[in-house]
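Read the structure below first, then the notes.
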Protein chains: 4
Amino acid sequence: MARKRRKKLPIFEAAMTVFSEKGFEKATVDEIAERAGIAKGTIYYNYGSKKNLFLSLLEEGIERLETAAKKEIARRNNIRTKLEALITVQLQFFEDHKNYCKVLLSEVWGRDTPWEEKAERIRSGYLSMIRDLIEVGKAEGLIKKRLDAGTTASALFGMISIAALDRFLFEKEYSYEDILNTLRSFFFTGVEDKRRT
Amino acid sequence: MARKRRKKLPIFEAAMTVFSEKGFEKATVDEIAERAGIAKGTIYYNYGSKKNLFLSLLEEGIERLETAAKKEIARRNNIRTKLEALITVQLQFFEDHKNYCKVLLSEVWGRDTPWEEKAERIRSGYLSMIRDLIEVGKAEGLIKKRLDAGTTASALFGMISIAALDRFLFEKEYSYEDILNTLRSFFFTGVEDKRRT
Amino acid sequence: MARKRRKKLPIFEAAMTVFSEKGFEKATVDEIAERAGIAKGTIYYNYGSKKNLFLSLLEEGIERLETAAKKEIARRNNIRTKLEALITVQLQFFEDHKNYCKVLLSEVWGRDTPWEEKAERIRSGYLSMIRDLIEVGKAEGLIKKRLDAGTTASALFGMISIAALDRFLFEKEYSYEDILNTLRSFFFTGVEDKRRT
Amino acid sequence: MARKRRKKLPIFEAAMTVFSEKGFEKATVDEIAERAGIAKGTIYYNYGSKKNLFLSLLEEGIERLETAAKKEIARRNNIRTKLEALITVQLQFFEDHKNYCKVLLSEVWGRDTPWEEKAERIRSGYLSMIRDLIEVGKAEGLIKKRLDAGTTASALFGMISIAALDRFLFEKEYSYEDILNTLRSFFFTGVEDKRRT
DNA sequence: CATGAATGAGTATTCATTCAT
DNA sequence: TATGAATGAATACTCATTCAT
């Protein structure tokens, strides 16, 4: 396995870069091969097709994100800190893997066609994990009963993702701490200042 | 002008459908022409290029959204109802124009290259409008001072967009009212149930 | 007729310019129409097709050249001055109508196909006139008997044409007198300096 | 390299044929591929573009002509026989490569645009070689001092080219020897018969 | 295991021509 | 007579994929 992966890593990283810069359709196997410093045939030898290479990337990424999230969640023992951990992990992951996140948003949330099944599994898999947390939160009384759990889950995901992408991609300077604090505060208590008279 | 636009409308609608189904790259001018029931050359006669057709769509759409939002915002006289109106208008717009919203999310928030300038204008234009509202809210004491306005603006936009897309595209059944109420409540007071002891 | 020609002149001149700049294939009817300041349909109304417009140009031009040459030739009464006149007229014509000459050389001497018949008529028509002069010259003893009349005729035509084109198109500065004298001297007595010992 | 060129030769020859028959614009890559018996993609794999394929042809051809001319010129030791050799070589080359010569004349001497630089280099390169010979001839007293060297060079080139093309392309029967003798005699001593009383 | 030359289906774009007004 | 919107056939070029070495 270690041997088999010898060429896989450079391909993987080159592919991530190119896919995130160009999107799936505009990215070319030639460019990926060139950036990986290997021959085009080698990509086909290892991954079989462009689509399959892309899907491997997608899967690998979401697995890492889910694994990281689940691990941190498991380490907390109440629902509030679990949700805090989720926000932290996802924001951190987005900052660490800007390219992947761009790909995730634009190719999974957006198109219908070529990887319906895989995309669907990714999307609903990750969102389900969040929704389950929300449900537990509602059951335990932390979270308002009248909030629709599904909507809340996707709203949370969207809020983190778009905010992160917008900061990480389009703002030259940003304070990671500010973003994290804003998102946490936003999520738990909303924007309204209750102290006012 | 009315005469000149005779063929523009069917092109416009066919293009929106195809672009949203396939994404910019995968969409073909042939298919757009066929669905519009006109000859391919006519698209080029009217729009010059596939890219330009796409850009026209993008611009037209964001203009409609901004116009609708600004109009409703102007009709309210305090910042809270203005923000409520914003959420309502955007959610309504997303429900009315599912296709457009898919395109907006995946082609504007996502890729870097081909329409940088236009995309940037769209993105920052709409987000600026939101951020300005947030700033006013902070100044008037409605919104917590410690929230970063830019992050809050993109978080709000992301929360509405992703939640809407997720419901409208992937759930067969959904209650528009539930989504609207959840998002409003989420935005203003967060998820936490303060009544608990 | 005068009325019919009202729009023909601007078309004619625009067409000459565009055809000479781009060549027949690369020239577009759109550009000709635009430069002529008229609608594209008008060209078709007047000339029927791009090819026909081009052929009209070709014919009109060669007619003018032949007419001018024949007129000057008729005014001389010996074969030597007739040939001198031919050289002068053709050189002058090339200087006056650089664009036309470019078209003539590259579209008539060069391609086989689309106007075979017309091109052939133009080519052999003009060359025949020259050859006839050469034959007369041979009969009268002015021109060496052993020269092949056909070859001499095309050599004369080629010598003037290419020299003229090269000077008029590619040299920023040139002396018309020098060219004319060089060509005349070259034609009649060759390059060799007989005075040398 | 030998392996890399495996497909280059058939492409080269097919391209020469098609370009000379149709001219650059009218020639299609499809037809070249078909005549070469290879796939269209292979042409792009090897040459990058239609224009580049064409330019390669142009360059290769003029190199062969120049090489042949220089070799023969170098073998003679006086300027008269050098010039005789030049005429012979160019006439022979035109007879051997009718197609190439058609292309050369109509695409290099004719249009302004797409290969300005390359065309200019070809044109002025070959003509310079001739002009240098003429200059030497003038310096040595063989050639009349009053002839403009540049004009004489292009006149010589044009005389050979057009005469050759006209014979080789449009006359079914021709005597190569007659053409050669006529051109030589014409060039050195002109058409005038000095023996006459 | 790795390569890269060769392929050909697929696509954006151009432009001469037509025709209703 | 003149127009210009509409057309669709034609064409350069791209790129995922294959396969002989």
May I have the distance from [X] (atom [atom1]) to [N] (atom [atom2]), rounded to whole angstrom?
X	N	atom1	atom2	result
D:N52	F:dA12	CG	C1'	14 Å
C:I43	F:dG4	CD1	P	12 Å
C:Y47	E:dA16	OH	C1'	17 Å
A:F19	F:dC15	CZ	P	13 Å
B:E34	F:dT7	CD	P	14 Å
C:L53	E:dA16	CG	C1'	12 Å
A:E31	F:dC15	CD	P	10 Å

Charged tip of D:K50 within 45° of D:F24 ring normal and under 6.0 Å: yes
Lys NZ or Arg CZ of A:K118 over A:F54 ring: under 6.0 Å, within 45°: no
D:N46 side-chain N/O to E:dA6 phosphate OP1/OP2 under 4.0 Å: yes
Span that lies between the P atom of F:dT21 and that of E:dC1, in whole angstrom: 23 Å
Any donor-acceptor N/O pair, A:N52 side chain to A:Y47 backbone, under 3.5 Å: yes
Nucleotide-resolved protein contact map, nucleotides 9-15 of chain E, B/S/- at heavy-atom distance under 4.0 Å: -BSBBBS
Residue of the set A:K102, A:R35, A:K26 for which salt bridge (charged side-chain N to carboxylate O under 4.0 Å, His left out) holds with A:E21: A:R35
Nearest to side-chain heavy atoms of B:A39, which nucleotide of E:dG8, E:dA2, F:dT7: F:dT7
Residues, nucleotides or ligands: over 12 heavy atoms within 6.0 Å of D:E34 CD: no
Nucleotide opposite E:dT17 in a Watson-Crick or G-U pair, distances under 3.5 Å: F:dA6
Closest approach of A:A39 to A:A33 (non-hydrogen atoms, all atoms of both residues): C-CB, 4.1 Å
Closest heavy-atom pair and its distance - A:L57, A:Y100: O-CE1, 3.6 Å
